[in-house]
K.L.:
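Sending over a structure as structure tokens; questions will come in a sec.
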Amino acid sequence: QVQLVESGGGLVQAGGSLRLSCAASGRTFSRYIMGWFRQAPGKEREFVAAISWGGGNTYYADSVKGRFTISRDNAKNTVYLQMNSLKPEDTAVYYCAAAGTAFGTARAQQSAYDYWGQGTQVTVSS
């Protein structure tokens, strides 16, 4: 079992930055692929970014590539999402998730993720 708790959301102006954190419980954090997803009002949840067990491989949605950076600290059981150059269209509830499968299998596939956090709201004003 893995429990995930996101933090760091808030209100920011367009062009600003935020860093989201996701703290995981359990001693097997390093065995999980970690991903960030988001859901805007009236839209389906979509993939944002994913990172492999050791952090050596990352994968991003085209919409955030070059602006967002995913990282992890296995010693702290935490995964981060640094978001720069934020746009109003980035407004959403952001969720972290953990997948106990291979990176190439999980990545952007929501169905591959076994555990989900409760989400944190990010609002970008224009």
Side-chain angles (χ1 to χ4, degrees):
Q1 288 283 342
V2 176
Q3 292 185 326
L4 304 172
V5 179
E6 302 96 334
S7 61
L11 174 64
V12 63
Q13 289 188 333
S17 298
L18 281 175
R19 188 176 82 154
L20 304 183
S21 299
C22 174
S25 65
R27 295 178 293 176
T28 59
F29 174 74
S30 61
R31 299 179 185 178
Y32 287 88
I33 305 303
M34 297 300 297
W36 286 96
F37 295 80
R38 66 186 182 186
Q39 187 168 20
K43 295 187 177 181
E44 294 186 352
R45 189 165 57 189
E46 64 177 6
F47 168 76
V48 175
I51 189 165
S52 59
W53 301 306
N57 290 307
T58 57
Y59 185 66
Y60 296 93
D62 288 342
S63 59
V64 306
K65 201 173 295 182
R67 299 188 298 123
F68 291 11
T69 302
I70 188 171
S71 61
R72 67 190 296 166
D73 185 338
N74 287 341
K76 296 182 178 179
N77 280 12
T78 302
V79 62
Y80 305 97
L81 186 67
Q82 178 66 45
M83 305 185 295
N84 298 329
S85 302
L86 282 161
K87 305 175 181 180
E89 50 263 46
D90 294 318
T91 294
V93 177
Y94 283 72
Y95 299 89
C96 72
T101 187
F103 184 67
T105 301
R107 295 207 311 185
Q109 300 300 319
Q110 296 191 43
S111 60
Y113 287 80
D114 306 296
Y115 304 100
W116 293 81
Q118 83 291 346
T120 186
Q121 176 71 47
V122 171
T123 302
V124 184
S125 63
S126 57

K.L.:
With sequence neighbours excluded, what pairs up with Thr58 under the side chain to side chain donor-acceptor pair (under 3.5 Å) test?
P.N.:
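Expected list: none.
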
K.L.:
Linking I/L/V/M/F/W/Y whenever their side-chain heavy atoms sit closer than 4.5 Å, directly or via other members, would Ile33 and Val79 fall into one cluster?
P.N.:
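Each belongs to a different hydrophobic cluster.
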
K.L.:
Tell me, please, which residues at least two apart from Arg19 pass side chain to side chain donor-acceptor pair (under 3.5 Å).
P.N.:
none

K.L.:
Find the distance between CZ (Arg72) and CH2 (Trp53) and round it off to the nearest 0.5 Å.
P.N.:
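Answer for the CZ-CH2 pair, Arg72 versus Trp53, is 10.0 Å.
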
K.L.:
Go through the structure and list residues passing side chain to side chain donor-acceptor pair (under 3.5 Å) with Gln3, not counting sequence neighbours.
P.N.:
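For Gln3 there are no side chain to side chain donor-acceptor pair (under 3.5 Å) partners, ignoring immediate neighbours.
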
K.L.:
If the condition is side-chain contact (heavy atoms from CB on, under 4.5 Å), which residues does Thr101 pass it with, not counting sequence neighbours?
P.N.:
Ala99, Thr105, Ala106, Ala112

K.L.:
I need the minimum non-hydrogen distance between Thr120 and Gly9, along with the two atoms involved.
P.N.:
OG1-N, 3.2 Å

K.L.:
Nearest 0.5 Å, what's the CG-CG distance between Leu81 and Leu18?
P.N.:
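Here the rounded value is 9.5 Å.
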
K.L.:
Return each pair, listed once, that meets salt bridge (charged side-chain N to carboxylate O under 4.0 Å, His left out) where at least one residue sits in residues 50-62; pairs must be two or more places apart or across chains.
P.N.:
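Non-adjacent pairs meeting salt bridge (charged side-chain N to carboxylate O under 4.0 Å, His left out): Asp62-Lys65.
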
K.L.:
Cut-off 3.5 Å, no hydrogens considered: what does the side-chain donor-acceptor table look like for residues 41-52, sequence neighbours left out?
P.N.:
residue	atom	partner	partner atom	Å
Arg45	NE	Gln110	OE1	2.8
Arg45	NH2	Gln110	OE1	3.4
Glu46	OE2	Arg38	NE	2.7
Glu46	OE2	Arg38	NH2	3.2
Ser52	OG	Gly56	N	3.3
Ser52	OG	Asn57	N	2.9
Ser52	OG	Asn57	O	3.3

K.L.:
Taking Thr28's backbone N and O only, do any of them form a donor-acceptor pair with Ser30's side chain (distance below 3.5 Å, no angle check)?
P.N.:
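No; judged by distance alone, with no hydrogens or angles, the pair does not exist.
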
K.L.:
Using every non-hydrogen atom in the two residues, find where Val2 and Tyr115 come nearest and quote the distance to one decimal.
P.N.:
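Scanning both residues completely, I find the closest heavy atoms to be O-CD2, 3.4 Å.
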
K.L.:
Check the pair Ser21, Glu6 against side-chain contact (heavy atoms from CB on, under 4.5 Å), reporting the backbone distance first and the verdict last.
P.N.:
CA-CA 6 Å; Ser21 299; Glu6 302 96 334; over 6 Å; no

K.L.:
Apply side-chain contact (heavy atoms from CB on, under 4.5 Å) to Ile70 and Trp36, showing your working.
P.N.:
CA-CA 8 Å; Ile70 188 171; Trp36 286 96; 3.5 Å; yes

K.L.:
Between CD of Gln1 and CG of Asp114, what distance do you get to the nearest 0.5 Å?
P.N.:
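CG of Asp114 is found 10.0 Å from CD of Gln1.
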
K.L.:
Can you measure from CG (Asn84) to CZ (Phe68) and round to the nearest 0.5 angstrom?
P.N.:
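Between atom CG of Asn84 and atom CZ of Phe68 there are 8.5 Å.
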
K.L.:
Going from OG on Ser126 to NZ on Lys87, what distance comes out if it is rounded to the nearest 0.5 angstrom?
P.N.:
14.0 Å

K.L.:
Keeping to residues at least two apart or across chains, list the ring-ring contact (aromatic ring centres under 6.0 Å, His included) pairs with something in residues 76-103.
P.N.:
none

K.L.:
For the side chain of Gln118 and the backbone of Val5, is there at least one donor-acceptor N/O pair under 3.5 Å apart?
P.N.:
no

K.L.:
List the steps, then state whether side-chain contact (heavy atoms from CB on, under 4.5 Å) holds for Arg67 with Tyr60.
P.N.:
CA-CA 10 Å; Arg67 299 188 298 123; Tyr60 296 93; over 6 Å; no

K.L.:
Is the closest side-chain heavy-atom distance between Gln82 and Ser17 below 4.5 Å?
P.N.:
yes

K.L.:
Scan for disulfide bond (SG atoms under 2.5 Å apart) pairs involving residues 53-106, sequence neighbours excluded, and state none if there are none.
P.N.:
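For residues 53-106: Cys22-Cys96.
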
K.L.:
Could you list the residues that satisfy side chain to side chain donor-acceptor pair (under 3.5 Å) with Gln109, not counting sequence neighbours?
P.N.:
none

K.L.:
Show me the pairs that pass disulfide bond (SG atoms under 2.5 Å apart) and involve residues 34-66, at least two apart or across chains.
P.N.:
none

K.L.:
Taking ring-ring contact (aromatic ring centres under 6.0 Å, His included) as the test, write out the residues that go with Tyr113, two or more places apart.
P.N.:
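With sequence neighbours excluded, Tyr113 shows a ring-ring contact (aromatic ring centres under 6.0 Å, His included) to Phe37, given in chain and number order.
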
K.L.:
List in chain and number order the residues that pass side-chain contact (heavy atoms from CB on, under 4.5 Å) with Val124, two or more places apart in sequence or in another chain; answer none if no residue qualifies.
P.N.:
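Result, side-chain contact (heavy atoms from CB on, under 4.5 Å) vs Val124: Val12, Ala14, Leu86, Pro88, Asp90, Thr91, Val122.
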
